[in-house]
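In what follows, chains are A, B, ... by sequence order, proteins preceding strands, each numbered from 1. Because only heavy atoms are used, hydrogens play no part in the values below, and waters and symmetry mates are left out as well, while side chains stay in.
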Number of protein chains: 4
Amino acid sequence: MTTQHRATPNAARRKEASRRAILTAAFDLLQEIGYAKLSIEGIAARAGVGKQTIYRWWPSKGAVIFDAFLMLSEGSEGEPPALPDTGDLEADLTAVLRATVAELNDPQYDQPMRALATEIAHDPELAAAYVERLDGPLKEAKQRRLRSAQRAGQLAEDLNLDVAVEMIWGPLLNRWLQRSGPLTAEYADDVVTTALNGLRPRPSGR
Amino acid sequence: MTTQHRATPNAARRKEASRRAILTAAFDLLQEIGYAKLSIEGIAARAGVGKQTIYRWWPSKGAVIFDAFLMLSEGSEGEPPALPDTGDLEADLTAVLRATVAELNDPQYDQPMRALATEIAHDPELAAAYVERLDGPLKEAKQRRLRSAQRAGQLAEDLNLDVAVEMIWGPLLNRWLQRSGPLTAEYADDVVTTALNGLRPRPSGR
Amino acid sequence: MTTQHRATPNAARRKEASRRAILTAAFDLLQEIGYAKLSIEGIAARAGVGKQTIYRWWPSKGAVIFDAFLMLSEGSEGEPPALPDTGDLEADLTAVLRATVAELNDPQYDQPMRALATEIAHDPELAAAYVERLDGPLKEAKQRRLRSAQRAGQLAEDLNLDVAVEMIWGPLLNRWLQRSGPLTAEYADDVVTTALNGLRPRPSGR
Amino acid sequence: MTTQHRATPNAARRKEASRRAILTAAFDLLQEIGYAKLSIEGIAARAGVGKQTIYRWWPSKGAVIFDAFLMLSEGSEGEPPALPDTGDLEADLTAVLRATVAELNDPQYDQPMRALATEIAHDPELAAAYVERLDGPLKEAKQRRLRSAQRAGQLAEDLNLDVAVEMIWGPLLNRWLQRSGPLTAEYADDVVTTALNGLRPRPSGR
DNA sequence: GGTTAAACGAGACGGTACGTCTGGTCTTGTA
DNA sequence: TACAAGACCAGACGTACCGTCTCGTTTAACC
């Protein structure tokens with residue numbers, strides 16, 4: 001589905017039940033045994049499926065993991081995701097980042113998300129799919145919120161929203177992935193404040 | 001024999017030539033065949049070394065990769081690393097970040113660094129070693145440069161230097177690792193400017 | 001539906017073209033790729049036929065091979081096969097055995113016949129069918145020729161014709177199947193002479 | 001051992017226990033589940049051995065079966081096998097052939113021997129090994145017995161002993177392998193008598 | 001300076017998983 | 001309803017590595 005690699009099988013005949021069983025099994029196994037021990041054989045066995053059924057539809061283990069995330073995120077699909085907009089940008093961002101911190105710290109999701117992140121790091125095709133299907137919509141939601149603040153005069157007019165988003169979420173993801181420091185709510189708060197104000201001294205008190 | 005979990009090998013008898021051959025082979029193989037196909041067997045064969053010699057001294061493939069990086073970075077050791085300090089913080093940061101961008105884009109180092117980054121992401125012990133031995137010294141150098149600017153009144157007095165460093169380098173690393181966008185010199189410039197000024201509008205010009 | 005073990009397909013609707021295509025494909029593949037690599041899938045693909053069509057009509061790979069031979073031998077059917085009868089038994093037998101040797105040495109037929117022989121060795125049902133449909137008629141022809149000689153006083157009156165036939169053709173088949181020695185015209189001649197005269201010394205010169 | 005196929009492994013380091021376990025497992029499985037269902041995986045599992053240990057030392061499934069037979073026959077090795085020699089050739093041959101019939105009818109050995117026979121039929125290299133290591137010594141014993149009779153004037157002077165042996169044992173093996181008729185002691189007797197006397201009428205009474 | 005114990009190269013071993021291939025069954029149009 | 005097409009579950013194939021375990025063979029420290 002994500003990426004074709006050989007004579008495309010006839011998708012019309014595809015068995016939806018098997019597809020779901022595979023993705024569910026993959027995600028569950030990631031939680032239970034971790035990324036290092038995840039195997040196609042294991043997924044197939046857990047899903048009650050022949051190995052070939054996995055190889056037929058996915059080009060790599062990473063693609064399976066990716067689709068597993070896609071399936072999860074599609075439960076709440078239809079409407080695009082949106083960040084809260086109370087008018088108070090700092091408060092809204094703080095709330096969202098604290099939630100992100102909580103999710104990243106949730107042992108339930110830690111392993112699977114690391115698996116996805118590192119598969120993406122090694123597989124450009126997967127990275128492209130990730131940017132388009134999973135990260136893209138989220139990033140747009142973030143940018144919408146910032147644009148709204150920008151229109152309200154709360155952000156610099158010439159602000160590069162791409163950079164802005166990465167300056168807020170980048171440090172968080174980095175600290176999580178590389179474990180370069182504790183990932184706490186306070187840290188999230190700090191990041192928001194510092195990003196909004198910048199490193200330079202503000203002429204008037206902040 | 002202290003609190004080691006197994007009979008500690010006698011480091012005095014260790015053959016330095018084999019150690020270097022292994023680390024060199026590991027790094028070279030990473031460049032040539034990539035992380036996914038890197039195997040202990042392959043490293044041993046390339047290094048002309050028995051497998052046991054690897055297993056004797058390193059607990060995991062990630063640890064070998066890590067030491068390979070350590071060996072490289074130790075060529076220029078003795079003096080701690082330092083960032084340029086011309087007095088012009090923005091210029092200095094821009095220069096450093098552009099160099100970083102160039103390095104991350106260098107195909108020679110791309111694969112090995114990704115390998116290290118993802119091994120760290122999955123192995124907390126390795127992450128700790130990384131923070132202490134490789135990233136730590138670098139981070140301190142970065143903080144020293146920022147502290148110097150802070151003392152010169154170019155940065156906010158109450159700035160959290162940890163956060164500041166991550167706000168500058170985090171977006172870069174993230175964009176590289178996740179391939180979420182092009183990694184160019186312009187991007188580096190943007191990040192520096194935006195980080196220094198913050199997202200909010202500045203009362204006076206610029 | 002008689003005593004069949006499963007829902008008998010309606011033979012009336014059977015497509016003759018598919019049947020022939022399957023048997024031809026099976027035989028050709030045996031020649032080309034050999035018995036070890038012969039697969040139902042391969043036969044179906046070569047015949048342009050669905051796998052199910054094979055499974056519907058044949059219980060095993062051996063049965064397909066068997067029918068392939070049957071089809072070949074049915075080209076010359078109608079009249080039962082017969083051995084030459086010039087009155088000179090030894091000459092007739094020698095001629096027939098030399099022809100058999102030539103056929104067994106023909107690389108075109110070697111592989112398929114070995115396949116049939118070994119399938120029969122492992123499958124009693126198939127062996128029964130072979131004895132009845134393929135080997136039976138031939139054996140009767142052989143016995144007819146021997147009986148004719150017997151009536152002419154050239155063979156012992158109390159000769160067991162079953163044993164006689166096997167004593168002439170058995171050594172040949174054995175040597176072919178087990179490759180226990182070179183299979184030449186001279187060998188055929190030797191077998192005929194020795195079988196006719198027996199191992200014991202003949203009172204008068206032979 | 002039987003046949004090398006690639007960079008020869010270091011036979012000195014070979015583990016004898018594993019070799020025996022593999023051959024024993026192979027033979028036992030042949031008896032229990034039959035040739036068609038015999039798999040390398042199954043042998044390895046039963047022997048408590050890694051698959052690679054089989055692939056390292058044997059080029060094919062047939063070679064394993066062959067060596068299993070070789071191991072069995074080597075229990076009684078040292079002295080070469082010999083046929084009984086009471087002076088009465090017909091009686092001796094009858095006894096031996098009856099014993100052969102009994103063995104071929106023993107369900108314990110039927111499957112394994114068929115497996116060996118058909119592997120040989122499809123693999124010339126294996127056939128050569130069989131002729132040399134297993135069948136050869138036996139055939140020589142048979143020929144020794146016939147030669148003894150020949151010296152005693154009980155067999156024709158110009159008898160080709162190769163042909164003679166095949167004329168006695170060939171029919172038996174053929175009937176067994178192809179199931180072309182019942183394999184009984186009476187049949188064995190018939191074959192001996194007919195082979196000794198030949199098909200032609202004997203001038204004087206028997 | 002001969003002894004000895006550890007590290008070494010080599011590589012066989014019991015295993016796990018790979019990605020492919022085939023066996024048989026089942027399903028979905030088409031004729 | 002037989003057929004071609006081919007997806008499906010199942011599991012064996014032969015290969016690649018895993019991490020452990022001998023093997024001799026250096027090699028360095030201690031006698």
Side-chain angles (χ1 to χ4, degrees), chain A residues 7 9-15 17-19 21 37-45 47-57 59-61, chain B residues 7 9-15 17-19 21 37-45 47-57 59-61, chain C residues 7 9-15 17-18 21 37-45 47-57 59-61, chain D residues 7 9-15 17-19 21 36-45 47-57 59-61:
Chain A
N10 183 345
R13 301 239 166 144
R14 184 167 191 179
K15 207 187 205 174
S18 294
R19 185 182 150 271
K37 295 189 179 175
L38 183 70
S39 68
I40 299 278
E41 298 230 350
I43 297 172
V49 140
K51 285 200 290 177
Q52 199 58 45
T53 302
I54 300 183
Y55 285 108
R56 179 152 39 228
W57 299 109
S60 69
K61 198 162 68 178
Chain B
N10 182 345
R13 297 217 168 184
R14 184 168 190 178
K15 205 188 210 171
S18 294
R19 186 182 151 271
K37 294 187 179 176
L38 184 71
S39 69
I40 298 279
E41 297 233 349
I43 297 172
V49 139
K51 284 200 291 176
Q52 197 57 249
T53 302
I54 299 183
Y55 286 110
R56 187 165 15 239
W57 300 109
S60 70
K61 195 163 69 178
Chain C
N10 182 345
R13 296 219 167 194
R14 184 167 189 180
K15 205 189 212 171
S18 293
K37 295 189 178 174
L38 183 71
S39 68
I40 299 278
E41 299 235 349
I43 297 172
V49 140
K51 283 201 290 176
Q52 197 55 249
T53 302
I54 300 183
Y55 285 109
R56 190 164 16 239
W57 298 109
S60 71
K61 198 162 67 177
Chain D
N10 183 345
R13 301 246 164 138
R14 186 168 188 180
K15 209 185 203 173
S18 294
R19 185 182 151 271
K37 293 190 180 174
L38 183 70
S39 68
I40 298 277
E41 296 232 349
I43 296 172
V49 139
K51 283 200 289 176
Q52 198 58 44
T53 301
I54 300 183
Y55 286 110
R56 183 155 32 230
W57 300 109
S60 69
K61 200 162 65 178

(message) Here's one to test your reading of the geometry: is the NZ or CZ of B:R14 within 45 degrees of the ring axis of B:W57 and under 6.0 Å from its centre?
(response)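 The answer is yes; both the distance and angle limits are met.
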(message) Please find the pair of heavy atoms, one from C:G42 and one from C:S39, that lie closest to each other, and give the distance.
(response)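 Smallest interatomic distance, heavy atoms only, reads N-OG, 2.9 Å.
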(message) Please give me the minimum heavy-atom distance between A:T53 and A:S18, naming the atom from each residue.
(response)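 Closest heavy-atom pair between A:T53 and A:S18: CG2-CB, 4.4 Å.
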Given [options], which nucleotide is nearest the side-chain atoms of [X]?
X     : options               : answer
C:R56 : F:dC3, F:dA12, E:dT25 : F:dC3
B:S39 : E:dC18, F:dC18, E:dG9 : F:dC18
A:Y55 : E:dA7, E:dC18, E:dC13 : E:dC18
B:W57 : F:dA4, E:dA7, E:dA12  : E:dA7
C:S18 : E:dA12, E:dG23, F:dA4 : F:dA4
A:K51 : E:dC18, E:dA7, E:dC13 : E:dC18

Can you tell me how far [atom2] of [N] sits from [atom1] of [X], to the nearest Å?
X     : N      : atom1 : atom2 : result
C:I40 : E:dT22 : CD1   : C1'   : 10 Å
D:L38 : F:dG11 : CG    : P     : 17 Å
A:K37 : E:dA17 : NZ    : P     : 10 Å
C:K61 : E:dT22 : NZ    : C1'   : 9 Å
A:I43 : E:dC18 : CD1   : C1'   : 13 Å
B:I54 : F:dC17 : CD1   : P     : 13 Å

(message) Measuring to OP1 and OP2 of E:dG14, would you say a side-chain N or O of D:T53 lies under 4.0 angstrom away?
(response)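 True: D:T53 side-chain N/O within range (under 4.0 Å) of E:dG14 OP1/OP2.
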(request) Nearest-nucleotide wise, let me know which of B:E41 and D:E41 is further upstream toward the 5' end of DNA chain F. (result)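 Counting from the 5' end, the first nearest nucleotide belongs to D:E41.
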(message) Return whichever of C:K15 or B:K15 has its heavy-atom-nearest nucleotide of DNA chain F closer to the 5' end.
(response)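 Here C:K15 is the residue nearer the 5' end.
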Going by the rule side chain to side chain contact (heavy atoms under 4.5 Å, CB included), which residues pair with [X] if we only count those two or more places apart in sequence or in a different chain?
X     : value
A:R13 : A:N10
C:A47 : C:A21, C:I22, C:A25, C:V49
D:L38 : D:L29, D:L30, D:I43, D:K61, D:I65

Please tabulate the protein-to-nucleotide N/O contacts below 3.5 Å involving nucleotides 22-25 of chain F, giving atom names and distances.
| from | atom 1 | to | atom 2 | distance (Å) |
| --- | --- | --- | --- | --- |
| F:dC23 | O2 | D:R13 | NH1 | 3.4 |
| F:dC23 | O2 | D:R13 | NH2 | 2.8 |

(message) I want to confirm an ordering. Mapping B:G48 and D:G50 to their closest nucleotides on DNA chain E, which one lands closer to the 5' end?
(response)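 It is B:G48 whose nearest nucleotide is closer to the 5' end.
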(request) Report the residues that fulfil salt bridge (charged side-chain N to carboxylate O under 4.0 Å, His left out) with B:K51, sequence neighbours left out, ordered by chain and then residue number. (result)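 Listed in chain order: B:E41.
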(message) Using a 4.0 Å heavy-atom cut-off, does A:G42 contact any base of the nucleic acid, only the sugar-phosphate backbone, or nothing at all?
(response)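 The answer is nothing, as A:G42 stays clear of every strand by at least 4.0 Å.
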